[in-house]
Amino acid sequence: MSTTGDDKLKKIVSHAKEYGFVFPSSEIYDGLSATYDYGQLGTELKKNIKDYWWKSMVQMHDNIVGIDAAIFMHPKTWKASGHVDAFNDPLIDNKDSKKRYRADVLLEEHIEKIRGKIKKEVTKAAKRFGGSFEEAMFLETNPKVQKYNDQIKMIEDRMRTYLENEDLVALKQLIEELGITCPISGSKNWTDVRQFNLMFSTELGSIADDSNKIYLRPETAQGIFVNFLNVQKTGRMKIPFGIAQIGKAFRNEIIARQFIFRMREFEQMEMQFFVKPGTEIDWYNTWKERRIKWHKALGFDASRYRFHDHIKLAHYANAAADIEFDFPMGFKELEGIHSRTDFDLSAHEELSGKKMQYFDPEDNKSYVPFVVETSIGLDRMFLAVMSNSLVEEKLEDNSERTVLNIPAFLAPVKAAVLPLTKKDGLPEKANEIINRLKFDFNCQYDEKDSIGKRYRRQDAIGTPFCVTVDHQTLEDNTVTIRYRDTMEQERVSIEALEKMLDVKTNVKHVLAQLND
Ligand code: GAP
């Protein structure tokens with residue numbers, strides 16, 4: 001990570017802790033690695049992200065329904081899904097630093113470095129040629145760029161082959177050949193590459209033997225697959241249709257770092273869309289479009305997103321792409337869109353002996369549906385929102401303010417109601433306003449410190465509107481609204497305030513942009 005990226009992430013971590021968004025888990029015991037607790041404001045933000053996702057998926061599609069499956073599942077589930085045999089990471093240790101890495105991540109980071117060199121060439125050339133610079137032409141014809149692209153292709157091709165064939169010896173050779181060094185020790189003193197299964201296991205009941213071994217689910221998707229028939233039959237669902245779910249997943253991640261980006265306990269928002277075989281690639285493209293639209297409706301700069309098509313397809317996929325977000329650590333996966341074929345349902349059919357098929361009345365025949373999945377990490381989405389929103393602004397009077405300019409519909413607190421003084425009936429009037437607003441909006445009351453300090457506190461937690469109650473309010477039922485982003489103020493009636501908050505903070509106005 002670059003120094004600025006590192007600094008930015010540190011700022012987010014400390015801001016999240018200071019204001020009650022995210023705490024290290026069991027901190028009084030010095031925390032537990034890669035596990036975090038969401039505090040009072042983080043929980044609100046997380047809930048608002050979940051609502052945005054759930055409403056856009058379930059409420060806005062009459063052919064998508066939601067479920068909430070158990071975390072524990074029959075162990076055969078994970079045999080069928082391939083997780084027992086294939087949910088492994090290829091690991092390599094550096095003998096000098098004793099640090100453990102994923103071999104594929106080391107290689108991908110090396111590729112990123114080469115991409116960085118291409119970017120540098122572009123910047124240099126753009127400076128040299130000025131207004132007449134044509135980037136596309138330069139990328140196609142410049143010999144240095146071509147050499148770098150050839151290198152990237154060679155590494156990607158070899159990496160894909162070795163990963164597919166589980167050729168761990170060749171994977172290590174490639175790392176050595178490229179001269180990849182340990183970021184900590186700087187040495188090339190590597191162990192062999194080994195496979196490591198990422199599932200956590202425990203025992204059901206009191207007897208610890210292998211037949212009682214169960215797993216904490218590493219993805220929520222399988223809870224959907226095993227309920228495919230239950231939902232299809234009881235909901236009288238017709239293909240194409242989807243099942244959505246939000247829930248916890250667990251992975252014994254080796255490189256668990258970068259705050260809530262990669263955790264051992266995290267939350268996923270997944271949707272499996274069941275389609276007629278042969279139509280899956282069209283649906284895959286449709287869901288790619290729909291999902292990027294969902295992200296962009298947040299209003300963040302479009303350049304912070306990009307698609308990354310997978311080189312190494314997971315054991316169940318015939319097409320897969322990530323939506324990557326420009327996190328402080330660079331572009332990283334935020335969401336996966338996978339065309340999972342009929343792999344999961346067929347595997348469950350085989351292992352359970354139960355038919356996992358759909359009778360298609362149009363074709364008058366039964367088949368195992370194909371599946372297109374969208375899978376987004378809720379915690380990563382949370383980090384994306386924080387990364388985009390936490391800014392330090394220099395003001396005209398040369399002072400600074402820290403502001404979390406979260407989209408208003410996601411903000412944990414929609415309005416802070418602030419009596420100008422603690423006397424003359426102003427606190428009572430402020431509480432009266434909160435009692436009116438609280439059914440629709442999460443509000444906060446604050447009477448401590450100067451009004452300026454209170455504004456700053458609300459800026460730091462992302463409250464889009466501060467409502468100040470003063471002596472005039474007692475006379476004419478008007479208040480001052482102060483806008484977080486522009487810091488401008490205006491006088492409005494309490495009734496108009498209620499309407500304005502609805503227009504500016506109700507998720508429905510963002511959802512309306514997603515109507516297909
Ligand atoms: N059902 C498919 C599946 O689980 P995945 O790409 O392994 O696919 C989907 O995970 C999403 O879950 C990722 O895009 C990421 O946002 C999130 N995710 C995966 N592992 C995570 C972790 N250790 N910590 C936080 N989020 C994670």
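Indexing begins at 1, ligand by ligand and atom by atom, following the structure's order.
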Looking at Met263, is its backbone amide N or carbonyl O close enough to the side chain of Arg251 to form a donor-acceptor pair, meaning the two atoms are under 3.5 Å apart? no

State whether [Y] and [X] meet the cation-pi test: NZ (Lys) or CZ (Arg) under 6.0 Å from the six-membered ring centroid, and within 45° of the perpendicular axis.
X: Arg115; Y: Tyr148; result: no
X: Lys332; Y: Phe327; result: no
X: Lys276; Y: Phe370; result: no

Among protein heavy atoms, which sits nearest to [atom], and what does the distance come to when rounded to 0.1 Å?
atom: atom 15 (C) of ligand 1; value: Arg380 NH1, 3.5 Å
atom: atom 7 (O) of ligand 1; value: Arg251 NH1, 2.8 Å
atom: atom 9 (C) of ligand 1; value: Ser375 OG, 2.9 Å
atom: atom 17 (C) of ligand 1; value: Gly377 CA, 3.6 Å
atom: atom 18 (N) of ligand 1; value: Phe266 CE1, 3.5 Å
atom: atom 25 (C) of ligand 1; value: Phe261 O, 3.2 Å

Closest to [atom] (judged by heavy-atom distance), picking from [options]:
atom: atom 13 (C) of ligand 1; options: Arg340, Gln268, Glu333; result: Glu333
atom: atom 23 (N) of ligand 1; options: Gln222, Met381, Met263; result: Met263
atom: atom 8 (O) of ligand 1; options: Glu219, His338, Arg264, Glu324; result: His338
atom: atom 1 (N) of ligand 1; options: Gln272, Glu335, Glu270, Arg262; result: Glu270

If you measure every N/O of Ile260 against every N/O of ligand 1, is any gap under 3.5 Å?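 Looking only at distances, the answer is no, because the N/O contact criterion of under 3.5 Å is not met.
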
Mode of Glu265 contact toward ligand 1 - side chain, backbone, both, neither (heavy atoms, under 4.0 Å):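 For Glu265, there is no contact with ligand 1 at all, from either part.
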
Fit a plane to each ring of His348 and Phe225, take the angle between them on a 0 to 90° scale, and name the class: parallel (under 30°), tilted (30 to 60°) or perpendicular (over 60°).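 The rings of His348 and Phe225 sit tilted, inter-plane angle from 30° to 60°.
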
Take the angle between the ring planes of Trp294 and Tyr52 and call it parallel below 30°, perpendicular above 60°, tilted in between.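 Ring orientation of Trp294 relative to Tyr52: parallel.
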
When you measure from the heavy atoms of Leu334 to every atom of ligand 1, does any distance fall below 4.0 Å? yes

Please check if the distance between the ring centroids of Tyr36 and Phe259 is under 6.0 Å.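 Ring centroids of Tyr36 and Phe259 are less than 6.0 Å from each other.
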
Where ligand 1 meets [X] - atom numbers and elements under 4.0 angstrom, heavy-atom basis:
X: Glu373; value: 1 (N), 2 (C)
X: Glu253; value: 20 (N), 22 (C), 23 (N)
X: Gly336; value: 14 (O)

Under 3.5 Å, is there a donor on one side chain and an acceptor on the other for Asn388 and Arg304?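 Asn388 vs Arg304: donor-acceptor pair found between side chains.
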
Would you say the side chains of Asn230 and Asn227 form a donor-acceptor pair under 3.5 Å?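 Yes, Asn227 and Asn230 have a side-chain donor paired with an acceptor closer than 3.5 Å.
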
Just do the side-chain contact (heavy atoms from CB on, under 4.5 Å) check on Gln272 and Gln245 with the steps written out, would you? CA-CA 9 Å; Gln272 321 296 132; Gln245 175 167 220; over 6 Å; no

